[in-house]
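Read the structure below first, then the notes.
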Amino acid sequence: MKRRTKIVVLGSALLLTAGVASAATASDAPRERATASDAPRQREAAALTGTAKLYRSAGDDITFSFDAHLAAKDKADPSKATGTFAFSHYLNGEGARAEVKVDCLLTGGKVAVVSGVVTESDLPGAEGKRVGVTVHDLGRHDRLGYSWASTGSPVDTKELPKCVSSAPFEKVAKGTGDFTVVPWQPEL
């Protein structure tokens, strides 16, 4: 072996030995006060996430997307949920979409009810209206319902309370259901 190669190999061995020794010394030293980043992450109290298209034999293009969360610290008050959801409904190039700011999230098992106020929409009269959606997370066969199921339009719903929706009667289109529900576990 050439002298230059021996020096490089010896230097590498010394660096490796020094690294192991300092790691052992650091683990033997008394531990300093833990920081917030050292603490284990607490599970959120509830969540609803994911996107899916509804199944409609007539070919309607109906999509719902959710990003709703209830922080662990707000476990006792579902009206402190945050996030957004969006939905759209188009057929033959006609329809509308809406974006919603979450104001309540309740989950139980694999079912979630989320509500919020429409913040942006191209459906006349929808902005400022509260809407609610129910999701049943069944893996590849998710189901969904919405507060305007009996009225036909979110615009026609009067004074909807928070966290109110219909039963999840709609089926999602095959291959599109990826909703995830984190169950709420309130202290009773």
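The structure displayed is predicted, hence computed values, not measured ones.
Taken from OG1 in Thr157 to NZ in Lys129, the straight-line distance is 7.0 Å, to the nearest 0.5 Å. The distance from the CG atom of Leu54 to the CG atom of Asp60 is 9.0 Å, given to the nearest 0.5 Å. Interatomic distance, CH2 of Trp184 versus CG of Leu70, reported as 8.0 Å (0.5 Å rounding). Taking OG1 from Thr119 and CD from Glu99, the interatomic distance works out to 5.5 Å, rounded to the nearest 0.5 Å. Taken to the nearest 0.5 Å, the CZ atom of Phe87 stands 9.5 Å off from the CZ atom of Phe66. Distance check, rounded to the nearest 0.5 Å: OG of Ser88 to NZ of Lys53 gives 7.0 Å.
Partners of Asp137 by side chain to side chain contact (heavy atoms under 4.5 Å, CB included), not counting sequence neighbours, listed by chain and number: Lys110, Asp142, Val181. Taking Ala149 as the reference, Tyr146, Ser166, Phe169 meet the side chain to side chain contact (heavy atoms under 4.5 Å, CB included) condition, with sequence neighbours excluded.
Contact detail for Thr107 and Ala112: the closest heavy-atom pair is CG2-CB, 3.5 Å. When all heavy atoms are compared, the tightest approach of Ala126 to Val118 is O-CB, 3.3 Å. For the residue pair Arg143 and Lys171, the shortest heavy atom distance occurs at NH1-CG, 3.3 Å. The two residues Ala71 and Ala45 make their nearest non-hydrogen contact at O-CB, 3.6 Å. Of all non-hydrogen atoms in Ser165 and Gly132, the two that sit nearest each other are OG-O, 3.2 Å. In terms of heavy-atom proximity, Gly177 sits nearest to Ala52 at CA-CB, 3.8 Å.
Grouping Ile, Leu, Val, Met, Phe, Trp and Tyr by side-chain contacts under 4.5 Å, direct or through others, puts Leu123 with Val155.
Among residue pairs with one or both ends in residues 43-147, those qualifying as disulfide (SG to SG under 2.5 Å) are Cys104-Cys163; sequence neighbours excluded. For residues 60-102, the set of pairs meeting the disulfide (SG to SG under 2.5 Å) definition, not counting sequence neighbours, is empty.
Side chains of Leu144 and Thr134 form no contact here, defined as non-hydrogen atoms less than 4.5 Å apart. Looking at heavy atoms from C-beta onward, Asp103 lies in side-chain contact with Lys162 at the 4.5 angstrom threshold. In this structure the side chain of Val114 reaches within 4.5 angstrom of the side chain of Val102, judged on heavy atoms. Val182 has its side chain out of reach of His69: every pair of non-hydrogen atoms, C-beta onward, lies at least 4.5 Å apart. Under the 4.5 Å side-chain criterion, counting only non-hydrogen atoms from C-beta, Glu170 is in contact with Arg56.
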Please set out all donor-acceptor pairs under 3.5 angstrom arising from side-chain atoms of residues 73-84, sequence neighbours excluded.
from: Lys75; atom 1: NZ; to: Gln185; atom 2: O; distance (Å): 3.0
from: Asp77; atom 1: OD1; to: Ser79; atom 2: N; distance (Å): 3.1
from: Asp77; atom 1: OD1; to: Ser79; atom 2: OG; distance (Å): 2.5
from: Asp77; atom 1: OD2; to: Ser79; atom 2: OG; distance (Å): 3.4

Val135 and Val111: side-chain contact (heavy atoms from CB on, under 4.5 Å), yes or no, with the steps?
-> CA-CA 6 Å; Val135 169; Val111 177; over 6 Å; no
Can you list the steps and then say if Arg97 with Glu120 is a side-chain contact (heavy atoms from CB on, under 4.5 Å)?
-> CA-CA 8 Å; Arg97 59 158 191 78; Glu120 187 179 320; 3.0 Å; yes
Would you sort out whether Val172 and Phe179 count as a side-chain contact (heavy atoms from CB on, under 4.5 Å), showing the intermediate values?
-> CA-CA 10 Å; Val172 302; Phe179 297 134; 4.0 Å; yes
Test side-chain contact (heavy atoms from CB on, under 4.5 Å) on Asp61 and Leu91 and set out the steps.
-> CA-CA 6 Å; Asp61 182 4; Leu91 179 62; over 6 Å; no
Chi angles and distances behind the ring-ring contact (aromatic ring centres under 6.0 Å, His included) call for Phe85, Phe64 = CA-CA 7 Å; Phe85 64 93; Phe64 284 82; 7.8 Å; no
